[in-house]
Amino acid sequence: MDFQFHLYHIFLLTFLLCHGVISSSNITVIGNPVAGQVYTLLCGNATNATWKYSNGTTVVSNGKIIVSNNRNLTFNPLLTSHGGNYTCLSGNTSNNITVIVQIPQPETTISSNAISTTMVYSGTSIQMICTVHIPSVVDTPVVVKTLWIGPKGPITNGSRTNVTTVQTIPVYNTTLQISPLNISDS
């Protein structure tokens, strides 16, 4: 839940700042900077412009980044590694823009060895798995934190509970096993 909360606030903030077509310091932004989508930067009215990374290296087309019409910089698709500062040089003019890439909400599922229509009884055991799939357009390191919460708060390893996490990028599995169940688990 904490993970979703932060992603929502990043999404909301970036959406408010970068929705639609925005012009800023002679650079026009087309689209929203969401990983996996097409995102284009236009360098003013220049007929001959050069795009540079923040380290001064010239941006060149490479299949996922396309420099066209001597002024357009298109990310297709935008990856998380594309985030950063870009400079458009045209004549004696330079304009800067920072691209903040939004991460799409990861697919999250919770499964259990208990069928939802079946009653689970005290003295038996239960295993639940929370699986988080990170989209392939997230090509930079991420931290996935999962937290199991029971009626008395967070669940950690104990005499009857076992929480394990297996991270096989791009899938993160966290398993909660309770054995034996007792009435205080409900």
Nearest heavy-atom pair of [X] and [Y]: which atoms, and what distance?
X	Y	result
Leu79	Val101	O-CG2, 3.7 Å
Leu181	Ser122	O-OG, 3.3 Å
Thr175	Ile129	OG1-CG1, 3.7 Å
Tyr53	Thr58	CE1-O, 4.1 Å
Ile27	Cys88	CD1-CB, 4.2 Å
Thr124	Tyr121	OG1-O, 2.6 Å

Does the side chain of [X] reach to within under 4.5 Å of the side chain of [Y], using non-hydrogen atoms?
X	Y	answer
Ile65	His82	yes
Gln37	Leu78	no
Leu41	Thr28	no

Inset, instruction - Tell me, please, which residues at least two apart from Thr165 pass side-chain contact (heavy atoms from CB on, under 4.5 Å). - result: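 Counting only residues at least two positions away or on another chain, Thr165 forms a side-chain contact (heavy atoms from CB on, under 4.5 Å) with Gln167, Thr174.
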Inset, instruction - Could you tell me whether Lys52 atom NZ has more than 12 heavy atoms of other residues or ligands within 6.0 Å of it? - result: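 Correct, the count exceeds 12.
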Legend entry - Tyr172 OH to Cys130 SG distance, which is reported to the nearest 0.5 Å: 13.0 Å
Legend entry - Distance, nearest 0.5 Å, that separates CZ of Arg71 from OG of Ser90: 10.0 Å
Legend entry - Set of residues satisfying side-chain hydrogen bond (donor to acceptor under 3.5 Å, both in side chains) with respect to Thr80, sequence neighbours excluded: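 Only Asp139, Thr140 meet the side-chain hydrogen bond (donor to acceptor under 3.5 Å, both in side chains) criterion with Thr80.
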Legend entry - Cluster check Val120, Ile110: I/L/V/M/F/W/Y, side chain < 4.5 angstrom: yes
Do [X] side-chain atoms and [Y] backbone N/O form a donor-acceptor pair below 3.5 Å?
X	Y	value
Asn72	Val67	no
Asn62	Lys64	yes
Arg160	Pro180	yes
Trp51	Tyr86	no

Inset, instruction - Quick one: name the residues clustered hydrophobically with Leu147, using the 4.5 Å side-chain heavy-atom rule over I, L, V, M, F, W, Y, and just say none if it's on its own. - result: Ile149
Legend entry - Qualifying residue for side-chain contact (heavy atoms from CB on, under 4.5 Å) with Tyr39, from Leu73, Asn76, Ile30, Val29: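 Testing each of Leu73, Asn76, Ile30, Val29 against Tyr39, the sole residue satisfying side-chain contact (heavy atoms from CB on, under 4.5 Å) is Val29.
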